[in-house]
Amino acid sequence: MDRRKFLKMGLTAGAAGVVGTVVPFPMIREALAVNPGFGTYKATVCILLHGGNDALNMLVPTSATPGSGYATYQGLRAGAGLAVNNVDLNLATAFAGAGSLASGANSAYYAAADANGTALQNSYRKGVYDLSASKGIPLGVNGMMPELARLITDNKASVIANAGTLVEPINRNEYINKLKRKPLFLFAHNHQRRAIETGIGDNLSTEGWAGRIADDWGDVNFNASFGLNYSYSGSGRLQMGALTGPMQLKSGAPTAFTGMDITKPGDVNRRAAFSALINQAAGPFMSLYSRMVNDSMGAIDQLGANWPATSSFSAVADSYGAPLFTVPDKLTTGLGNNLSSGLIRQLESVAEMINIGRNTLGLKRQFFVVQLGGFDNHSDQASKHPLLLRQLSIALYDFQMAMESLGIANEVTSFTVSDFGRTSTANSSGTDHAWGSHQLVMGGDGTALSPLIGGGTMIGTLPDLTPGGPDDATTNGRMIPTVATDQYAASIARWFGVNDQLMPTVFPNLANFGSLGPAGTAYLPLI
Amino acid sequence: MMKCCCSFYFMLLASLFLMTACGQGGGTGAVSPQTTSPSLAVPITCPTPIAVSRLDAKRLLQQATFGWSEVQLSEVMVNGFSCWINHQLNYPSAYDSATDRHKTHLERTVEISKMYAPTLFPDALQNYVQNLSAAPYNNAGAGDVKNFQMAAWWQNALDGHDQLRQRVAYALSQLEVVSDGESPLGRRGEALAYYYDILARNAFGNYRALLLEMARSPAMGVFLSHQGNKKTNLISNIRPDENFAREIMQLFTIGLYMLNPDGSRQLDGAGNPIPSYTQTDIEENAKIMTGWDLVGNSRYGRAGNTGGNYITAMEFTAAEHEFGAKTVLGQVINDDGLGGDLTGVVDLLFNHPNTAPFVSRHLIVRLVTSNPGAAYVQRVSAVFNDNGAGVRGDLKAVVRAVLMDSEARGNSYLTNPAFGKADEPLLAFTRFLKTFRVRTLDGWPSMNATVMTGVYWYTSPQSDFGQGPLRSDTVFNFYDSEFIPSDAYFIANRLLAPELQIQTVVPLANYNNRILEIIGSFEKNLILEGNLSVAAYAAKRRNNQKKFLIDFDDELRAFEMALDGDSNGDFANMALTTLDASGNTARQHAIGVLLTHLNERMFGGVMPLSYYVSLTAYLDTISVNRNTTSKKWARLIVKDAVQLLVSSSEYKILK
């Protein structure tokens with residue numbers, strides 16, 4: 001019987017069963033299990049830049065090409081104080097590797113406060129780490145992100161240029177005259193995140209693509225509590241399947257249910273009594289709630305038993321020479337404001353989860369979602385965006401170093417997504433919702449043998465930023481993507497183990513991008 | 001004053017209940033002086049009472065309040081739905097008179113600031129509110145103001161007699177979202193209090209007035225960045241900010257797609273939803289949303305920690321406004337040069353056919369059920385469109401329609417498995433607190449070593465529960481309004497359960513743990529076991545800890561009456577091994593009575609029989625050492641019973 005029929009059976013059983021009794025979900029999973037039986041470990045980490053990252057100021061166009069080069073960018077952004085200078089901050093001297101990054105006023109990006117802005121704003125605009133000479137990429141990495149520039153230079157990260165939600169390839173004429181299908185509700189945060197997460201830009205009501213993979217792979221890890229998906233980002237759709245959802249966590253050691261610790265003699269009877277209550281459920285809401293509580297307690301039992309008392313990465317140095325996953329203070333960064341710590345903390349926990357999952361529990365596949373919020377910089381962008389970019393750079397680097405320290409960099413791929421890009425034009429102090437945007441992919445050990453991610457390249461082409469120009473969907477610089485989010489997600493999913501048979505279920509629109517990739521496929525040349 | 005009211009209720013209800021929940025039980029705990037909160041309960045008068053069952057009363061109160069005491073429950077039981085709702089809809093509030101004892105969120109925030117920091121900032125916030133001085137709290141202490149605002153929220157939620165108004169305001173705060181997370185609101189907590197007052201004042205007013213006040217409020221201006229929004233400038237190459245222009249349409253009024261009056265989506269010939277606006281509409285609307293700034297902001301544009309007035313509607317600055325007529329949704333909005341185009345577009349959106357089902361549905365799902373029938377939405381929408389007197393947007397009529405609808409009050413909850421909702425964790429928490437007679441823990445020291453009385457303190461519920469009033473991460477509220485959980489039944493039937501989106505591994509543990517923290521730190525009988533008075537205990541609480549006071553007096557009294565036949569506090573028969581006619585020890589019998597008591601108070605009498613079986617068996621195994629008093633033994637039994645029930649699915653799922 002094919003998978004679809006199995007699925008339908010499962011749904012019917014659930015629909016009929018839940019009203020009266022609790023459906024034993026492991027049984028459905030077993031009925032569906034097409035466990036691929038992976039022999040080796042792989043992890044994928046999706047980094048959601050929540051709110052719509054202004055990738056134009058993260059990766060600044062540096063060429064002299066009209067439209068897609070620096071002059072056009074500068075002309076559009078300078079009036080609002082949002083143009084990053086096309087000055088090379090010299091990565092080789094700024095940041096050669098772990099521990100070599102100068103702090104405070106000695107950092108390459110540092111700029112003092114003056115009449116034009118604070119130290120933070122001026123540092124944001126000071127300059128870039130040029131990728132054109134070393135990598136042949138016509139972009140400069142914002143001065144806030146020396147670690148990212150180092151990762152790209154060392155072939156451990158790549159740029160996917162002007163990617164975004166698409167149903168099929170579309171150009172300005174086709175967009176304006178409605179000649180091709182386009183994603184539903186462009187420029188709206190929630191629905192564009194959904195389009196990314198469902199992997200079906202013209203069907204926002206479906207499950208997420210990582211959820212569909214999990215549904216198909218069944219009990220991929222042979223562990224009732226530890227399935228495929230883990231979220232440090234709440235319940236986005238990406239990992240929601242028809243039958244499975246992510247284990248949703250918060251960074252740090254797991255929080256136990258006080259008084260319900262199964263390992264404490266004084267708690268055992270109370271825990272048993274609570275289980276008896278929780279397992280009594282009538283109707284769909286209570287049945288679901290019961291399952292959620294049981295899943296939570298089961299996850300916490302196992303995590304609590306395995307979580308390390310101290311960080312597994314404290315002996316490895318970060319860019320400033322402090323232990324990995326240290327959040328540098330404002331004196332160290334020289335930015336005048338402290339960074340928030342959310343993404344660094346989440347990726348630290350993911351690193352621990354990978355270590356536990358791969359090396360203690362013997363899991364085979366883990367898919368993580370983490371997020372950094374605050375990118376919806378309609379106003380005051382020059383004071384907000386630099387702190388986010390600085391944190392992102394540190395978080396990426398620390399996570400990569402952690403994977404290298406475990407010797408598993410080739411088994412872990414990370415990638416960014418964001419709601420959408422932002423307008424190439426500006427309002428008085430910020431930018432607005434747009435469409436195509438640059439994304440990052442990271443992983444591998446940087447050697448020629450590394451299986452991953454193109455190794456220090458830019459995939460795709462830079463758009464013409466001219467308002468109302470050939471790549472603008474509107475009149476204010478909302479770039480039409482030339483690479484579909486589905487394409488790069490599918491490329492990573494293929495590396496992760498999704499086979500050709502399953503791929504159309506996971507990314508049904510992929511075939512619309514026919515011959516862009518290698519060997520006449522829609523895959524990107526990542527792997 | 002509490003004494004008076006309690007006696008009044010006691011007389012009124014004495015024939016119905018042996019025990020009331022007015023303030024203190026029989027113990028020796030400190031009486032909380034309700035000196036400043038709106039404490040004057042107005043008796044309900046009902047010309048034609050229609051008595052309803054305990055369960056029916058409980059169901060209304062779970063939809064319309066932050067929880068209930070036994071007194072409030074009996075009010076509904078005696079008088080019936082309609083009368084109680086009308087009583088609440090016409091209840092005196094802080095918004096009727098500026099001089100009465102009812103306090104607005106802002107007034108209460110000011111009072112708390114004076115109590116908390118009298119020397120550091122003498123009357124600073126009050127002087128500012130009274131327009132006597134510039135903004136206070138320039139640096140140190142500025143972050144505390146939002147904590148005072150949160151304390152005011154707890155007080156209104158837990159002690160306010162205008163429960164329905166406060167509950168609707170909270171529902172509206174999840175529709176027209178602002179949050180302390182957007183700088184500088186985290187250091188201008190008075191902006192949040194002022195904003196919440198807009199919601200609470202208009203909760204029983206007109207939605208149009210609410211929209212207008214919301215659009216001009218400093219909190220919304222900062223949160224969605226139309227405060228300081230500048231007109232197109234071709235030389236600097238800038239154009240208006242589209243943030244608020246988009247969200248006032250997408251999230252506050254008409255939504256993304258055209259709706260039928262029953263809230264369902266209209267579909268085009270290809271079966272796709274029909275967008276209700278275009279990007280061009282947003283760009284036009286963005287032009288309207290220029291020229292607004294904080295009163296007193298010296299530099300148009302940026303809002304700082306120190307400049308500008310956050311408790312006055314934003315003012316219009318013509319020089320920064322983009323003039324000329326704008327076309328939104330095919331309608332020309334004229335520009336009077338005085339900011340009237342903002343009113344024009346609000347009127348356009350207010351009168352849009354989507355707005356009635358959009359707002360009506362929101363109130364239904366926040367108050368009653370996550371998956372309302374289309375006819376239910378349509379009935380409420382019709383009231384939104386016309387309250388019966390030709391008035392559109394009358395929220396009093398809409399709220400009444402939401403709560404009096406046959407789907408809310410009838411037997412849907414018995415026959416339709418999809419009826420109901422997962423309770424919001426924050427509301428489950430307030431419900432728990434009110435069941436156990438929450439009041440303020442008085443006498444705790446502020447950071448400035450002043451003695452705090454009449455103030456609840458729990459500054460960041462969002463860190464525990466994933467939600468807190470005016471504490472959402474984004475304008476999209478705590479959860480996706482279209483969230484469908486990963487569950488075969490929910491997916492097959494396209495059932496929504498937004499509140500479950502935030503009840504994940506850690507928040508579920510946190511909920512259990514916070515309940516346990518309250519029971520294990522703030523229950524009066526537990527405190528007294530430590531040989532400290534409640535006041536002395538309060539004095540030892542540190543600034544950053546929560547402050548509440550609950551008691552298990554009623555539960556212990558019921559337990560002891562069953563155990564010993566008296567309530568003298570000795571719990572003499574705890575260890576008795578003699579069996580009664582049913583084969584139970586006295587303790588086993590008392591446990592059964594306790595569970596019946598909790599069933600009535602917490603579940604309206606429909607706690608599953610299996611809960612009795614499981615809990616009776618477990619609670620009887622709780623043992624203590626020889627040095628433990630019998631009363632403490634009994635308290636530990638009550639504590640565990642409550643803890644387990646408050647985290648049960650029967651408690652967390654509302655039908």
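Computed over heavy atoms, backbone and side chain alike; hydrogens, waters and symmetry mates excluded. Per chain, numbering begins at 1; letters A, B, ... match sequence-line order.
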Item to check | Over 12 foreign heavy atoms within 6.0 Å of CZ, B:R299 | outcome: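 No, not enclosed.
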Checklist outcome for this item: If you tally heavy-atom pairs under 4.5 Å between each of B:P275, B:S647, B:P485 and chain A, the highest tally belongs to B:S647
Checklist entry - Which residue out of B:N233, B:I653, B:I622 racks up the most heavy-atom pairs below 4.5 Å with chain A? => result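 Of the candidates given, the most pairs with chain A belong to B:I653.
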Work out which heavy atom in [X] is nearest to a heavy atom in [Y]; give both atom names and the distance.
X      : Y      : answer
B:A509 : A:I300 : CB-CD1, 4.0 Å
A:F285 : B:A497 : CE2-CB, 3.8 Å
A:M292 : B:L508 : O-CD1, 3.9 Å
A:L277 : B:S649 : O-OG, 4.3 Å
A:A188 : B:Q250 : CB-OE1, 3.5 Å

By a 4.5 Å heavy-atom criterion (distance strictly below it), what part of [X] contacts chain B: side chain, backbone, both, or neither?
X      : result
A:Y289 : side chain
A:S429 : neither
A:T475 : side chain
A:R77  : neither
A:D202 : neither
A:M260 : side chain

Roughly how far, to the nearest 0.5 Å, is the [atom2] atom of [Y] from the [atom1] atom of [X]?
X      : Y      : atom1 : atom2 : answer
A:D376 : B:S225 : CG    : OG    : 7.5 Å
A:I278 : B:S614 : CD1   : OG    : 11.5 Å
A:R193 : B:F476 : CZ    : CZ    : 6.0 Å
A:E207 : B:I484 : CD    : CD1   : 7.5 Å
A:S296 : B:Q503 : OG    : CD    : 10.0 Å
A:F187 : B:R246 : CZ    : CZ    : 7.5 Å

Please state whether the side chain, the backbone, both or neither of [X] comes within less than 4.5 Å of a heavy atom of chain A.
X      : value
B:D480 : side chain
B:E283 : side chain
B:K652 : side chain
B:D640 : side chain
B:T621 : side chain
B:Q279 : side chain
B:T232 : neither
B:T280 : neither
B:L500 : both

Quick one: does [X]'s side chain have a donor or acceptor within less than 3.5 Å of a partner on [Y]'s backbone?
X      : Y      : answer
A:T258 : B:N513 : no
A:D432 : B:E242 : yes
B:D241 : A:S428 : no
A:N427 : B:N229 : no

Flag the pair [X] / [Y] as yes when at least one side-chain heavy-atom distance between them is below 4.5 Å, and no otherwise.
X      : Y      : answer
A:L76  : B:N237 : yes
B:P608 : A:Q280 : no
A:Y230 : B:V505 : no

Checklist entry - Between B:E482 and A:N190, does a side chain to side chain donor-acceptor pair (under 3.5 Å) hold up when you go through it step by step? => result CA-CA 10 Å; B:E482 297 181 20; A:N190 52 347; over 6 Å; no
Donor-acceptor contacts, no H, no angles, side chain residues 414-425 of chain B, under 3.5 Å, sequence neighbours left out:
{"unit_1": "B:T415", "atom_1": "OG1", "unit_2": "B:N411", "atom_2": "O", "d": "3.4"}
{"unit_1": "B:N416", "atom_1": "OD1", "unit_2": "B:A418", "atom_2": "N", "d": "2.8"}
{"unit_1": "B:K421", "atom_1": "NZ", "unit_2": "B:R366", "atom_2": "O", "d": "3.1"}
{"unit_1": "B:K421", "atom_1": "NZ", "unit_2": "B:E499", "atom_2": "OE2", "d": "3.2"}
{"unit_1": "B:D423", "atom_1": "OD2", "unit_2": "B:A428", "atom_2": "N", "d": "3.3"}
{"unit_1": "B:D423", "atom_1": "OD2", "unit_2": "B:R431", "atom_2": "NE", "d": "3.1"}
{"unit_1": "B:D423", "atom_1": "OD2", "unit_2": "B:R431", "atom_2": "NH2", "d": "3.0"}
{"unit_1": "B:E424", "atom_1": "OE1", "unit_2": "B:Y170", "atom_2": "OH", "d": "2.9"}
{"unit_1": "B:E424", "atom_1": "OE1", "unit_2": "B:Q174", "atom_2": "NE2", "d": "3.1"}
{"unit_1": "B:E424", "atom_1": "OE1", "unit_2": "B:Q467", "atom_2": "NE2", "d": "3.1"}
{"unit_1": "B:E424", "atom_1": "OE1", "unit_2": "B:Y479", "atom_2": "OH", "d": "3.4"}
{"unit_1": "B:E424", "atom_1": "OE2", "unit_2": "B:Q174", "atom_2": "NE2", "d": "3.2"}
{"unit_1": "B:E424", "atom_1": "OE2", "unit_2": "B:Y479", "atom_2": "OH", "d": "3.4"}

Next on the checklist: Taking every non-hydrogen pair under 4.5 Å, which of A:H189, A:Q239, A:R194, A:R237 racks up the most with chain B?
Outcome noted: A:R194
Checklist entry - Does the gap between the ring centers of B:Y618 and A:F274 come in under 6.0 Å? => result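 No, the ring of B:Y618 stays outside the 6.0 Å limit from the ring of A:F274, centre to centre.
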For residues 247-257 of chain A, which side-chain donor-acceptor pairs fall under 3.5 Å, sequence neighbours excluded?
{"unit_1": "A:Q248", "atom_1": "OE1", "unit_2": "A:S235", "atom_2": "OG", "d": "2.6"}
{"unit_1": "A:Q248", "atom_1": "NE2", "unit_2": "A:S235", "atom_2": "OG", "d": "2.9"}

